[in-house]
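Read the structure below first, then the notes.
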Amino acid sequence: MKDSNIYDVIILGSGPAGFTAAIYAVRAGRKTLMIAGTRWGGQLMLTTKVENFPGFAEGVQGPELMVNMRNQTERLGVEVLNIDFTRADFTKRPFEVEADGKKYLAKSVIVATGADSIWLNVPGELQLRGKGVSTCATCDAFFFKDKNVIVVGGGDSAMEEAMVLAQVAKSVTIIHRRDKFRASKAMQERVFGSPKIKIIWNTELIRYQGAEKLESVKLKDNKTAKEIEKQTDGVFVSIGHKPNSNKFKGLEIDEKGYIVRREILDEKGLLKYRSATNIDGVFVAGDVHDYRYRQAVTAAAFGCMAALDADKWLGEGGL
Ligand code: NAP
C-alpha cells in the first residue's frame, strides 16, 4: 500500500476529546482521520444546556456545541467519517483500524471512545432526560437551586453528586438499593455529616412521573415490596459508567473497563508523554480512561494532550 494511504493519526471517537485531538493533530500538519461513529458527538448530544464550557456567555446547547466542534475540525482539514469502528489490530505496523467493513492504516491512534452513563432503564426515564432527570450534578446542579432532588446510587460518584447538589439544592435524598454504601469511608462520612442529605436505604426507583417535566417518582422498598410515591424536582442517576473500551485487543484495561493511561518519563526523569498506553503509538484521551473528572472541558484537555503526545512521538520517528 502507498504511504499516502497511511494516516499519521487516526482518532476513534467524536466527543470533545476526539475533536480537540483532531484539531491539534491537523494543525501540527498531521494527516488525520476521525472515525466518528454513526451516532457521532458523544454524551453532549444527549444533553440540553451546557453552562460550564468556557466561551459561551449565555451557555450553549450540547448538540450545538458538538456541531461547532465538528465544523471547526472539518474546516481545518480533518476527514471525519460517520462510520462505526469495529476493531483495531495494534500488533501490525502501521496499525490497522476496521470500520464499516473497510480497513484504515495509521502510524498512531488516539482512542477517545468515551463512556456511557449507566441508566436505570425504568419507565419515564428516556422521556424525562434533561427535564429533571440527569446523570451529571456538576453540569446540572445549578438548575436545581432551592429544589428537592434525589440521587440514586451508593458508590463514590453518588456521594460526590450528593455533595455537589447539597451546595445549591434545598434537600437531597439518596436512594440506595442496599443498606450499605460501597463508597469510600471518607466520602460516606462527608455525606453523613451533611444536614441537607437524607438517605433512604433498601429502596429502588421504579418509575419517573411527569408530563412536561419530572414531578414525582415511584419507589419500592426491597424488603417489604411496599411502593410509595415521592414528589421531587430532579433525579440524578449515579450508578456507574461504562467505558467504551471492549473492542481494543491488547490494550491494558482496569477492572472497571477503563483504559489504563500511562505517563512516560524521559531519560532525565521529565514527563515525556501523559496520554500513553501500554502500546507504543496508541494514545488515550477523555472518559474512556478518566473516571474522575468526566467533564467536556477536561475531555477536551486530554484530547489536546494526546494529540501533542502523538505528534511528538511521530516527530521522534514513531517506531
Ligand atoms: P460504582 O462504584 O460501581 O457504584 C455504583 C453504585 O450504583 C453502587 O452503589 C451500586 O449498588 C449502584 N447501582 C448499580 N446498578 C444499580 C441499579 N441498576 N439500580 C440501583 N443502584 C445501582 O460506580 P461509581 O460510583 O461511578 O464509581 C466508579 C469508580 O470510580 C469507583 O472505582 C470509584 O471509587 C471511582 N470514583 C472515585 C472518586 C473519587 O475518588 N473522588 C469519585 C467518583 C468515582 P451496589 O452497591 O448495591 O452494587
Side-chain angles (χ1 to χ4, degrees), residues 17 42-43 46-47 52 113-126 128-129 133-141 149-167 172-194 197-209 214 217-228 230 232 234-246 252-261 284 286-299 302:
Q43 292 189 68
L46 311 172
T47 58
N52 55 9
T113 42
D116 295 322
S117 299
I118 302 175
W119 292 89
L120 288 169
N121 273 326
V122 299
E125 191 169 60
L126 201 57
L128 291 166
R129 277 190 205 176
V133 180
S134 167
T135 51
C136 179
T138 307
C139 320
D140 296 336
V149 298
I150 285 173
V151 172
V152 181
D156 281 329
S157 300
M159 303 301 112
E160 234 169 40
E161 298 280 275
M163 293 303 297
V164 168
L165 286 159
Q167 289 172 28
V172 180
T173 306
I174 301 180
I175 308 283
H176 185 39
R177 64 182 177 184
R178 290 192 294 137
D179 61 358
K180 262 195 222 83
F181 288 142
R182 72 168 58 234
S184 61
K185 198 155 171 281
M187 303 279 268
Q188 292 194 34
E189 276 167 7
R190 287 176 65 201
V191 161
F192 293 144
S194 166
I197 303 177
K198 291 192 197 67
I199 300 155
I200 303 183
W201 302 103
N202 298 310
T203 296
E204 285 182 41
L205 190 164
I206 56 168
R207 175 184 291 275
Y208 299 86
Q209 301 176 143
L214 180 69
V217 289
K218 267 266 172 70
L219 303 176
K220 182 177 171 190
D221 185 309
N222 279 336
K223 296 231 150 127
T224 62
K226 200 174 147 203
E227 292 181 13
I228 58 157
K230 186 172 169 57
T232 188
V235 170
F236 289 79
V237 179
S238 188
I239 60 172
H241 286 79
K242 198 176 165 311
N244 298 313
S245 62
N246 58 352
E252 190 186 353
I253 283 168
D254 73 11
E255 71 284 357
K256 296 255 185 198
Y258 290 91
I259 293 176
V260 177
R261 178 180 64 86
V284 66
D287 289 12
V288 70
H289 85 273
D290 171 35
Y291 64 78
R292 174 67 181 83
Y293 298 100
R294 297 190 200 121
Q295 301 302 302
V297 74
T298 52
F302 279 122

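Ligands are counted one by one from 1 in listed order, and the atoms in each one are counted from 1 as well. Along the sequence shown, residues carry numbers from 1.
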Exam field: side chain T203 to backbone I175, donor-acceptor pair closer than 3.5 Å: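 It does not hold such a pair.
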Please work out which of the three classes, parallel, tilted or perpendicular, describes the rings of F302 and H289, given edges at 30° and 60°.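 Perpendicular.
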Do any nitrogen or oxygen atoms of ligand 1 lie under 3.5 Å from a protein nitrogen or oxygen, and which ones?
unit_1   : atom_1 : unit_2 : atom_2 : d
ligand 1 : 3 (O)  : K256   : NZ     : 3.3
ligand 1 : 9 (O)  : G154   : N      : 3.0
ligand 1 : 9 (O)  : G155   : N      : 3.3
ligand 1 : 11 (O) : R177   : NE     : 3.2
ligand 1 : 11 (O) : R177   : NH2    : 3.4
ligand 1 : 25 (O) : D156   : N      : 3.3
ligand 1 : 25 (O) : S157   : N      : 3.0
ligand 1 : 25 (O) : S157   : OG     : 3.2
ligand 1 : 26 (O) : S157   : OG     : 2.7
ligand 1 : 34 (O) : D156   : OD2    : 2.6
ligand 1 : 41 (N) : E160   : OE2    : 2.9
ligand 1 : 46 (O) : R178   : NE     : 3.4
ligand 1 : 46 (O) : R178   : NH2    : 2.8
ligand 1 : 46 (O) : R182   : NE     : 2.9
ligand 1 : 46 (O) : R182   : NH2    : 3.4
ligand 1 : 47 (O) : R177   : NE     : 2.9
ligand 1 : 47 (O) : R178   : NE     : 2.7
ligand 1 : 48 (O) : R177   : NH2    : 3.0
ligand 1 : 48 (O) : R182   : NE     : 3.4
ligand 1 : 48 (O) : R182   : NH2    : 2.6

Rounded to the nearest 0.5 Å, what separates atom CH2 in W201 from atom CG in N222?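 Between W201 CH2 and N222 CG, I get 13.0 Å after rounding to 0.5 Å.
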Residues two or more places apart in sequence or in another chain: which of them pass side-chain hydrogen bond (donor to acceptor under 3.5 Å, both in side chains) with E125?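 Y208.
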I need the minimum non-hydrogen distance between M187 and S184, along with the two atoms involved.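 Looks like CG-OG, 2.9 Å.
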For Y293, is the OH atom crowded, meaning more than 12 foreign heavy atoms sit under 6.0 Å from it?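 At most 12 heavy atoms, drawn from other residues, nucleotides or ligands, come within 6.0 Å of this atom.
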